[in-house]
K.L.:
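The structure's right below; bear with me while I get my questions together.
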Amino acid sequence: MKEFESIRKDIQNKKFKPIYFFWGDEPYFIDKLTQELQKNVLTEDEKAFNEHIFYGNDVTVEDIVMQAKQFPMMSEHQLIIVKEAQHLAKNIAEIDKYVSNPLASTILVFNYKYKKPDGRSAYTKNIKKNGVLAESKKIYENQLPNWIEAQAKERGLKMQPKVKFLLASFIGTDLSRVQNEIEKLSVVVNKGEEITPEIIEKNIGISKDYNNFELTSAIAQRDELKAFTIAKYFGKNPKDNPIIVTNFALFNFFSNLLIYHTLTDKSKGNIAANLRINPFFVDEYVLAAKNYPIKKVTRIISFLRESDLKSKGVGASGNVTGEEILVEFLYKTFKI
């Protein structure tokens with residue numbers, strides 16, 4: 001993310017490179033940097049003659065090079081964007097002759113998603129030398145809450161600590177969707193106003209009381225009433241609370257709890273680092289460890305594997321609902 005911010009600032013400050021090759025498994029950062037180039041390289045009047053957008057499955061490397069060698073019309077630059085460039089993977093190395101000596105007035109951008117270019121090849125080495133070769137990595141779940149908070153701050157929004165975790169738990173690492181929800185909040189919340197769980201519930205539809213975040217917390221505290229109440233709510237709202245997502249959240253929690261039990265250094269910083277969690281959650285793991293010794297944790301993980309199989313129709317008798325699967329899991333967990 002640091003590299004992303006550095007590239008974005010350079011683009012916003014008009015410090016352009018003749019070649020940008022954005023690749024990786026996270027489309028969000030690729031799309032955002034490409035949008036920044038579209039905003040900053042050309043004016044709206046200049047775009048008619050100087051912005052060219054190609055798609056990898058409809059163009060050849062030769063076509064791209066031919067356009068890249070053209071000079072801009074009544075503008076300092078021409079901007080060429082090759083979307084879905086991964087479709088050119090078989091022949092992408094043919095770009096080497098151009099990227100080894102690119103035209104200064106051309107800004108050539110590749111969106112190479114879900115594939116990895118050959119880092120040993122001549123063309124990638126020349127792109128590094130003369131432009132930008134940047135990997136767009138998926139962010140870890142433990143990084144997501146702080147990323148959400150940073151996105152909100154950019155828009156002048158403040159969040160109560162719990163809010164970023166609610167959003168992260170409900171939406172997951174779909175960064176485009178996260179950004180859309182934050183944009184929605186920026187419309188309904190005044191700058192400087194604090195976003196509360198109540199605002200989240202009203203405007204995004206995430207229940208502040210009934211969600212995977214609260215379910216995990218209830219189980220950690222062995223609060224049976226609250227956990228079964230949440231399960232009942234999930235049963236009434238299955239589309240918003242699919243059992244597969246809940247199983248994943250619980251499996252992630254208890255897998256981390258298993259790691260916690262193996263740590264000799266149980267300082268807050270070391271726990272957060274080893275479990276790849278935000279320090280905000282450390283106290284919850286400390287409490288859960290007291291309630292669930294390591295032998296119980298291993299049994300609970302086996303219960304979750306059974307729940308996962310049943311949610312996929314394996315080992316279940318008849319049509320079993322997500323609520324029934326979750327209730328059975330909770331019953332077994334609290335019983336041991």
Side-chain angles (χ1 to χ4, degrees), residues 1-56 59 64 67-68 70 72-86 88 95 98-99 102-117 124 127-139 143-144 146-157 173-187 191:
M1 285 191 288
K2 286 182 180 179
E3 185 181 23
F4 167 79
E5 290 299 333
S6 176
I7 295 169
R8 186 170 69 160
K9 284 180 181 178
D10 280 347
I11 292 171
Q12 290 173 342
N13 291 325
K14 312 293 184 183
K15 296 178 181 178
F16 304 126
K17 298 288 186 179
I19 309 146
Y20 292 89
F21 197 103
F22 303 132
W23 66 277
D25 294 326
E26 179 49 72
Y28 174 83
F29 296 115
I30 294 173
D31 292 339
K32 286 299 291 183
L33 290 174
T34 301
Q35 289 165 13
E36 287 292 344
L37 285 161
Q38 287 183 284
K39 286 179 188 176
N40 289 281
V41 173
L42 302 170
T43 66
E44 289 302 316
D45 292 337
E46 292 170 336
K47 286 182 180 180
F49 295 106
N50 297 290
E51 183 178 88
H52 308 280
I53 298 177
F54 298 119
Y55 289 85
V59 73
I64 296 166
Q67 182 61 55
Q70 302 298 314
M73 294 180 64
M74 297 174 288
S75 174
E76 187 178 349
H77 296 103
Q78 70 161 331
L79 176 63
I80 302 172
I81 298 170
V82 185
K83 297 188 175 182
E84 306 297 336
Q86 66 273 13
L88 294 167
I95 202 75
Y98 175 78
V99 297
L103 202 64
S105 58
T106 292
I107 296 175
L108 176 57
V109 185
F110 289 93
N111 290 179
Y112 199 85
K113 298 177 180 178
Y114 313 114
K115 275 187 176 287
K116 182 178 181 179
T124 54
I127 290 173
K128 280 184 181 179
K129 179 182 176 182
N130 298 315
V132 172
L133 181 71
E135 180 183 3
S136 181
K137 297 179 181 179
K138 288 276 188 185
I139 69 172
Q143 297 173 311
L144 186 58
N146 287 342
W147 186 84
I148 290 172
E149 186 176 37
Q151 292 296 302
K153 281 183 178 178
E154 274 190 19
R155 293 160 179 78
L157 303 173
T173 54
D174 183 344
L175 301 188
S176 295
R177 187 182 169 198
V178 172
Q179 188 193 43
N180 289 339
E181 299 297 355
I182 293 173
E183 290 289 353
K184 189 188 297 183
L185 290 170
S186 70
V187 173
K191 285 190 176 182

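The basis for the numbers below is simple: all heavy atoms, side chains too, and nothing from hydrogens, waters or symmetry mates. For reference, positions follow the sequence shown, starting with 1.
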K.L.:
What do you reckon, is NZ of Lys14 surrounded by more than 12 foreign heavy atoms closer than 6.0 Å?
P.N.:
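Check passes, neighbour count above 12.
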K.L.:
Counting only heavy atoms from other residues, nucleotides and ligands, does the tally under 6.0 Å from NZ of Lys17 exceed 12?
P.N.:
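No.
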K.L.:
Applying side-chain contact (heavy atoms from CB on, under 4.5 Å) between Trp147 and each of Gln143, Glu149, Gln151, report the one that passes.
P.N.:
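With Trp147 as partner, side-chain contact (heavy atoms from CB on, under 4.5 Å) holds for just one option, Gln151.
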K.L.:
Hey, is the main chain of Gln70 close enough, under 3.5 Å, to the side chain of Gln78 for a donor-acceptor pair?
P.N.:
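Flag set: sc Gln78 to bb Gln70 pair under 3.5 Å.
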K.L.:
Is any side-chain heavy atom of Tyr20 closer than 4.5 Å to one of Ile11?
P.N.:
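Yes, side chains in contact.
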K.L.:
Would you indicate whether the side-chain heavy atoms of Asn130 and Val99 approach each other to under 4.5 Å?
P.N.:
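Contact flag for Val99/Asn130 side chains = no.
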K.L.:
State, yes or no, whether a side-chain contact exists between Gln67 and Val59 at a heavy-atom distance under 4.5 Å.
P.N.:
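They are not in side-chain contact.
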K.L.:
What's the separation between atom CD in Glu84 and atom CD in Gln86, rounded to the nearest 0.5 Å?
P.N.:
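With rounding to 0.5 Å, CD (Glu84) is 4.5 Å from CD (Gln86).
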K.L.:
Less than 4.0 angstrom from a charged side-chain N to a carboxylate O is my criterion; do Glu135 and Lys116 meet it?
P.N.:
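The answer is no: the pair does not qualify as a salt bridge.
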K.L.:
Minimum heavy-atom separation for Leu103 to Ala68, with atom names?
P.N.:
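Leu103 and Ala68 have their closest heavy atoms at CD2-O, 3.6 Å.
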K.L.:
Looking only at heavy atoms, what is the nearest atom pair of Ser75 and Leu42, with distance?
P.N.:
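For Ser75 and Leu42, the tightest heavy-atom pair comes out as OG-CD2, 3.5 Å.
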K.L.:
In Å and rounded to the nearest 0.5 Å, what is the CZ to CG distance from Phe16 to Asn40?
P.N.:
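Between atom CZ of Phe16 and atom CG of Asn40 there are 5.5 Å.
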K.L.:
Enter the distance from Leu37:CG to Lys32:NZ here, rounded to the nearest 0.5 Å.
P.N.:
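These two atoms lie 12.0 Å from each other.
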K.L.:
Considering only NZ, NE, NH1 and NH2 on the basic side and carboxylate oxygens on the acidic side, decide whether Lys137 and Glu26 come within less than 4.0 Å.
P.N.:
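A salt bridge is absent here (no side-chain N lies under 4.0 Å from a carboxylate O).
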K.L.:
Do other residues, nucleotides or ligands put more than 12 heavy atoms under 6.0 Å from the NZ atom of Lys153?
P.N.:
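No, NZ of Lys153 has 12 or fewer neighbouring heavy atoms, counting only those of other groups under 6.0 Å.
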K.L.:
Which heavy atom of Ile64 sits nearest to which heavy atom of Ile80, and what is that distance?
P.N.:
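Closest heavy-atom pair between Ile64 and Ile80: O-CD1, 4.5 Å.
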K.L.:
So do the side chains of Tyr28 and Val178 get within less than 4.5 Å of each other, counting heavy atoms only?
P.N.:
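Heavy-atom side-chain distance check fails, nothing below 4.5 Å.
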K.L.:
For the residue pair Gln179 / Glu181, report whether a side-chain donor-acceptor contact shorter than 3.5 Å exists.
P.N.:
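No, no side-chain donor-acceptor pair sits under 3.5 Å.
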K.L.:
State whether the side chain of Ser186 and the backbone N or O of Glu183 hold a donor-acceptor pair below 3.5 Å, judged by distance alone.
P.N.:
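It does hold such a pair.
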K.L.:
Only one of Leu133, Thr124, Ile30 forms a side-chain contact (heavy atoms from CB on, under 4.5 Å) with Trp23, so which one is it?
P.N.:
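That would be Leu133; it is the only one of Leu133, Thr124, Ile30 passing the side-chain contact (heavy atoms from CB on, under 4.5 Å) with Trp23.
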K.L.:
For Glu76, I'd like to know if atom CD has over 12 heavy atoms of other residues, nucleotides or ligands within 6.0 Å.
P.N.:
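No.
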K.L.:
Measure the spacing between CG of Leu79 and CD1 of Ile53 and express it to the nearest 0.5 Å.
P.N.:
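That separation rounds to 7.5 Å.
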K.L.:
Just wondering, more than 12 heavy atoms not from Lys115 lying within 6.0 Å of its NZ?
P.N.:
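Open: at most 12 neighbouring heavy atoms sit under 6.0 Å from NZ of Lys115.
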K.L.:
Within the 4.5 Å heavy-atom criterion, are Leu88 and Tyr112 side-chain neighbours or not?
P.N.:
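Sidechains of Tyr112 and Leu88: no contact.
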K.L.:
Return the CZ to CD1 distance between Arg155 and Ile182, rounded to the nearest 0.5 Å.
P.N.:
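Arg155 atom CZ to Ile182 atom CD1 measures 6.0 Å (nearest 0.5 Å).
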K.L.:
Is any side-chain heavy atom of His77 less than 4.5 Å from a side-chain heavy atom of Asn50?
P.N.:
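Side chain of His77 against side chain of Asn50, heavy atoms only: no contact under 4.5 Å found.
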K.L.:
Answer yes or no: is there a side-chain heavy-atom contact under 4.5 Å between Val82 and Leu108?
P.N.:
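Contact flag for Val82/Leu108 side chains = yes.
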K.L.:
If you take the centroid of each ring, where Trp contributes its six-membered ring, are Phe29 and Phe22 closer together than 6.0 Å?
P.N.:
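Ring centroids of Phe22 and Phe29 are no less than 6.0 Å from each other.
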K.L.:
Could you check if a side-chain atom of Tyr114 sits within less than 4.5 angstrom of a side-chain atom of Pro27, using non-hydrogen atoms only?
P.N.:
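Yes - at least one pair of side-chain heavy atoms lies under 4.5 Å apart.
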K.L.:
What distance do Lys47 atom NZ and Asp45 atom CG have between them, rounded to the nearest 0.5 Å?
P.N.:
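It is 10.5 Å, given to the nearest 0.5 Å.
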K.L.:
Charged N to carboxylate O under 4.0 angstrom, Glu154 versus Arg8?
P.N.:
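Yes, this pair counts.
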